[in-house]
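Per chain, numbering begins at 1; letters A, B, ... match sequence-line order. This is a predicted model, so every value here is computed, not measured.
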There are 2 protein chains.
Amino acid sequence: MSKVLVVDDEPQIVRALGIHLRARGWEVVTAGDGTEALAVADASAPDVVVLDLGLPDLDGVDVITRLRARSAVPILVLSGRSDSADKVDALDAGADDYVTKPFGMDELLARLRVMLRRSTPVEAGDAVEFGRVRVDLAATRVTVDGSEVRLTPTEWHLLEVLVRHPGRLMSQSRLLTEVWGPGYETAHGNLRLYMAQLRRKLEADPARPVHFRNEPGMGYRFEP
Amino acid sequence: MSKVLVVDDEPQIVRALGIHLRARGWEVVTAGDGTEALAVADASAPDVVVLDLGLPDLDGVDVITRLRARSAVPILVLSGRSDSADKVDALDAGADDYVTKPFGMDELLARLRVMLRRSTPVEAGDAVEFGRVRVDLAATRVTVDGSEVRLTPTEWHLLEVLVRHPGRLMSQSRLLTEVWGPGYETAHGNLRLYMAQLRRKLEADPARPVHFRNEPGMGYRFEP
DNA sequence: CGGGTTCCTGACAACTTCCTGACGCGTCCG
DNA sequence: CGGACGCGTCAGGAAGTTGTCAGGAACCCG
């Protein structure tokens, strides 16, 4: 049985979600604001989080960032406005998907199932191989053609974030917040620099990257 | 069996629609004005709503807004006046499609089937396929015949908005505000440009689009 | 304290994307 | 029949991004 944490400040929404989710066999824990959400997430380790962006105490994006700092739990965002700006911000901060209110219950349940099925993209402890590179996540070790390559801490952190989401586009802001922490969303120059170093150390032809690709204006993508 | 709510102030239209719909296996509930419509919608939770804009008590757009505040039920608008302004307003308020009176019964039934199909099975989780195109919303990736197609940020935003509302007629102002943000409601030239680029990249014959169709004066519609 | 490593900042050229305006074509309506 | 309107298309310049380099500050460790 999977556990879901529902965070919303409107009690009727929490109640309605709880009823439907329990009817489908989920175990449900709830929170009414951001502070409570963080506490409950720590205490009960949910498998997935449903988070309303419009909370009374904390900014929704803030909550996402702090959840991300602790675990890789999938986050589904409920967005009140159909305005796209806050959705983009949420995704950048680390949310995995979003649904705009008003939403159909079936749609939400379907998305939750998908997220759960896809959760933990790459487990810690696994090793990822691509080209002539082998990344051992458990041992914190990288080898190219069998010989070890030394990475600085920042390089390693960046590589880890990318490798844990194979094939997925990661926006600059998301990479920055995950590697450097909240507050560095604008240090683009930094990201460019370390991406270049990763490519220099891991790509066969750093000028023509195959595994660490950039999509102009959108972000970077790791391709195994 | 699916349930449809028919809202119209002319009894003969309600009766005629009821007969045809029941003959096709629909369960039908009715309302004669806006207030009743809202009450019946709450009480019987229809799968789709057919709504005449010219109601005696409430403005049609008002009814749509209030329905939308409660659920994501698809709304098909019946417009009596050939004036197109109110139709656009209805779409902006959240209607999914419209039919102009006098209408053919076959056309209305066909539209209803489309709306129902889009709402029940839900988008297939995080990937949408149509023709030879596959849109992976989670990975932010588009492929045609298996080979990747690169989209610019604006192209991707536009595609995402369209794809998340399959079969639905999206007004130009809505597309503009969702993709470019509030304040760009009049930048129609922009929308035409990027719609053309999407078609060039995704349609088999960009000059004769099948999946990204335009309805003159209204907006654009994505058909899977 | 010194040597080596790591991290950050600022600059530049090459590139991509975005916007604007103009033109042609078809439809609709007077 | 002519004009207005909306739509699709094209091209050019403005604006923003990215890869890259070099230099200096901060850090760690012996």
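Under the 4.0 Å criterion applied to side-chain N and carboxylate O atoms, B:Asp59 and B:Arg66 are not assigned as salt-bridge partners.
A nucleotide of DNA chain D counts as in contact with chain B when one of its atoms lies under 4.0 Å from a heavy atom; the first and last such, 5' to 3', are D:dG6 to D:dC10.
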For residues 49-57 of chain A, which side-chain N or O atoms pair as donor and acceptor with protein atoms under 3.5 Å away, sequence neighbours left out?
unit_1  : atom_1 : unit_2   : atom_2 : d
A:Asp52 : OD1    : A:Gly54  : N      : 3.0
A:Asp52 : OD2    : A:Lys101 : NZ     : 3.1
A:Asp57 : OD1    : A:Gly34  : N      : 2.9
A:Asp57 : OD2    : A:Gly34  : N      : 3.3
A:Asp57 : OD2    : A:Thr35  : N      : 3.0
A:Asp57 : OD2    : A:Thr35  : OG1    : 2.6

Could you give the side-chain donor-acceptor pairs of residues 137-149 of chain B under 3.5 Å, partners two or more places apart or in another chain?
unit_1   : atom_1 : unit_2   : atom_2 : d
B:Arg141 : NH1    : A:Glu223 : OE2    : 3.3
B:Arg141 : NH1    : B:Glu148 : OE1    : 3.1
B:Arg141 : NH2    : A:Gly167 : O      : 3.0
B:Arg141 : NH2    : A:Glu223 : OE1    : 3.4
B:Asp145 : OD2    : B:Arg132 : NH1    : 3.4
B:Ser147 : OG     : B:Val144 : O      : 3.0
B:Glu148 : OE1    : A:Arg213 : NH2    : 3.3

For nucleotides 4-14 of chain C, give me every protein contact, N/O to N/O, under 3.5 Å, one pair per line with atom names.
unit_1 : atom_1 : unit_2   : atom_2 : d
C:dT6  : OP1    : A:Arg150 : NH2    : 3.2
C:dC7  : OP1    : A:Thr154 : N      : 3.2
C:dC7  : OP1    : A:Thr154 : OG1    : 2.5
C:dC7  : OP2    : A:Thr152 : OG1    : 2.6
C:dC7  : OP2    : A:Tyr194 : OH     : 3.4
C:dC7  : O5'    : A:Tyr194 : OH     : 3.1
C:dC8  : OP2    : A:Trp180 : NE1    : 3.0

Nucleotide N/O to protein N/O under 3.5 Å, stretch nucleotides 26-30 of chain C:
none

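Under the side-chain hydrogen bond (donor to acceptor under 3.5 Å, both in side chains) criterion, the residue pairs touching residues 195-206 of chain A are A:Glu155-A:Lys201, with sequence neighbours excluded.
Checked by atom type and distance alone, the side chain of A:Asp96 never pairs as donor or acceptor with a backbone atom of A:Pro74 at under 3.5 Å.
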TODO: Evaluate the ring-ring contact (aromatic ring centres under 6.0 Å, His included) criterion for residues A:Trp156 and A:Tyr194: first the C-alpha distance (whole Å), next the side-chain angles of each, then the deciding distance (0.1 Å), finally the verdict.
DONE: CA-CA 10 Å; A:Trp156 170 260; A:Tyr194 279 90; over 10 Å; no
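Contacts of A:Asn214 classified as side-chain hydrogen bond (donor to acceptor under 3.5 Å, both in side chains), with partners at least two apart in sequence or in another chain: none. Evaluation of the side-chain hydrogen bond (donor to acceptor under 3.5 Å, both in side chains) rule for B:Glu107 yields B:Arg111 as partners, not counting sequence neighbours. Residues passing the side-chain hydrogen bond (donor to acceptor under 3.5 Å, both in side chains) test with B:Asp136: none are found, sequence neighbours excluded. For A:Ser173, the side chain to side chain contact (heavy atoms under 4.5 Å, CB included) test picks out A:Asp92, A:Ser171, with sequence neighbours left out. Residues satisfying the side chain to side chain contact (heavy atoms under 4.5 Å, CB included) criterion with B:Arg192, sequence neighbours excluded, are B:Tyr220.
Among the candidates A:Asp97, A:Val99, A:Thr100, the single residue satisfying the side-chain contact (heavy atoms from CB on, under 4.5 Å) test with A:Lys87 is A:Thr100.
Annotation: proximity of residues 217-224 of chain B to DNA chain D (heavy atom, distance under 4.0 Å) is found for B:Gly217, B:Tyr220, numbered in ascending order.
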